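Here is the structure we will look at.
Residue numbers start at 1 and run along the sequence shown. Keep in mind that this is a model prediction, so the values were computed, not measured.
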Amino acid sequence: WYSAATVSHSDFVVVGHGGSASGSIARAQGIDAQGNPTWTYAGSDLGSNLTDVTATTDGGWVLGGHTSVGQAALAVRVSATGSVQWVSTATSKFDFRMGELLAVGDGTFLAVGWQYNSDPDARVVRWAADGKVLYQSAFDLGGDQQPVAARLDNGHVLVAGQVYGPQNQP
């Protein structure tokens, strides 16, 4: 598992990927306060991965990661019981990895991540409450960037991570 989130009623969700003889798939599992599994999500896309999760205001979850091809940011909205409500991708020209997924106060969801083998490297994606991609933006700070965290401040997105120089030095 790569990440976990909880809500006030003490249930939590873990996300990552699970392996099989033919490859790995994105997986998430709901767990109750006693540690018992309550639901499981398994993607259908070999090679996909979930790297972050955020709670929604109605007790559900948005799971975030990337598709098997790696060229799309992946968001999966599930209810509190694990029923899939929507699956959405934001495609890219390059191999994408998600750093962090945030629930925004207006019901939208924001992800930061990075693209391999590209300039610009850093990327921000925002989804509407219904899963529609509202926007995606790529930017370059010089060197190779790996944004892994984001915060919102007065409508601005603050992104943190690593920038590597020409000799791969942070």
Side-chain angles (χ1 to χ4, degrees), residues 1-8 12-17 25-28 30 41 43-45 47-80 82-164:
W1 303 113
Y2 289 116
S3 186
T6 188
V7 291
S8 59
F12 63 97
V13 171
V14 291
V15 296
H17 70 273
I25 57 171
R27 294 181 52 86
Y41 167 81
S44 58
D45 202 11
S48 59
N49 196 357
L50 294 173
T51 55
D52 205 8
V53 56
T54 189
T56 61
T57 56
D58 64 359
W61 311 92
V62 175
L63 319 170
H66 61 269
T67 63
S68 64
V69 176
Q71 292 185 325
L74 171 66
V76 180
R77 171 72 158 90
V78 296
S79 69
S83 297
V84 176
Q85 297 177 330
W86 50 258
V87 176
S88 180
T89 58
T91 59
S92 171
K93 208 166 113 171
F94 302 101
D95 195 15
F96 175 78
R97 294 295 180 261
M98 186 177 292
E100 185 170 22
L101 178 68
L102 300 170
V104 182
D106 63 2
T108 63
F109 303 94
L110 182 77
V112 297
W114 65 94
Q115 303 173 142
Y116 288 110
N117 303 320
S118 72
D119 259 337
D121 296 321
R123 189 163 162 216
V124 175
V125 179
R126 192 166 193 168
W127 284 275
D130 65 1
K132 178 183 175 194
V133 175
L134 295 175
Y135 71 80
Q136 46 185 322
S137 179
F139 54 95
D140 190 8
L141 301 172
D144 292 325
Q145 304 114 47
Q146 292 185 347
V148 294
R151 296 295 177 262
L152 298 174
D153 181 39
N154 280 336
H156 299 284
V157 180
L158 306 174
V159 178
Q162 302 171 0
V163 176
Y164 292 91

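- Legend: residues meeting side-chain hydrogen bond (donor to acceptor under 3.5 Å, both in side chains) with T54, ordered by chain and number and at least two apart, are absent.
- D52 meets the side chain to side chain contact (heavy atoms under 4.5 Å, CB included) test with S3, E100, L101; sequence neighbours excluded.
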For the pair V84 and V87, evaluate side chain to side chain contact (heavy atoms under 4.5 Å, CB included) and give the outcome as yes or no after the intermediate values.
CA-CA 8 Å; V84 176; V87 176; 3.8 Å; yes

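- No side-chain donor-acceptor contact under 3.5 Å links W61 to the backbone of F12.
- Residues S48 and A26 share a closest heavy-atom pair of OG-N, 3.0 Å.
- Nearest approach of V125 to A90, heavy atoms of both residues: CG1-CB, 3.7 Å.
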Could you check V124 against Y135 for side chain to side chain contact (heavy atoms under 4.5 Å, CB included), going step by step and ending with a plain yes or no?
CA-CA 8 Å; V124 175; Y135 71 80; 4.2 Å; yes

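- For the residue pair G59 and A80, the shortest heavy atom distance occurs at O-CB, 3.2 Å.
- Counting all heavy atoms, side chain and backbone alike, A28 lies closest to L63 at CB-CD1, 3.7 Å.
- Shortest non-hydrogen contact noted between A55 and A103 is O-CB, 3.6 Å.
- Remark: T89 OG1 to W127 CH2 distance equals 8.5 Å, nearest 0.5 Å.
- Considering all non-hydrogen atoms of both residues, T91 and Q136 come closest at O-OE1, 3.2 Å.
- Applying the side-chain hydrogen bond (donor to acceptor under 3.5 Å, both in side chains) rule to T108 yields the partners D106, R126; only residues at least two apart in sequence or on another chain are considered.
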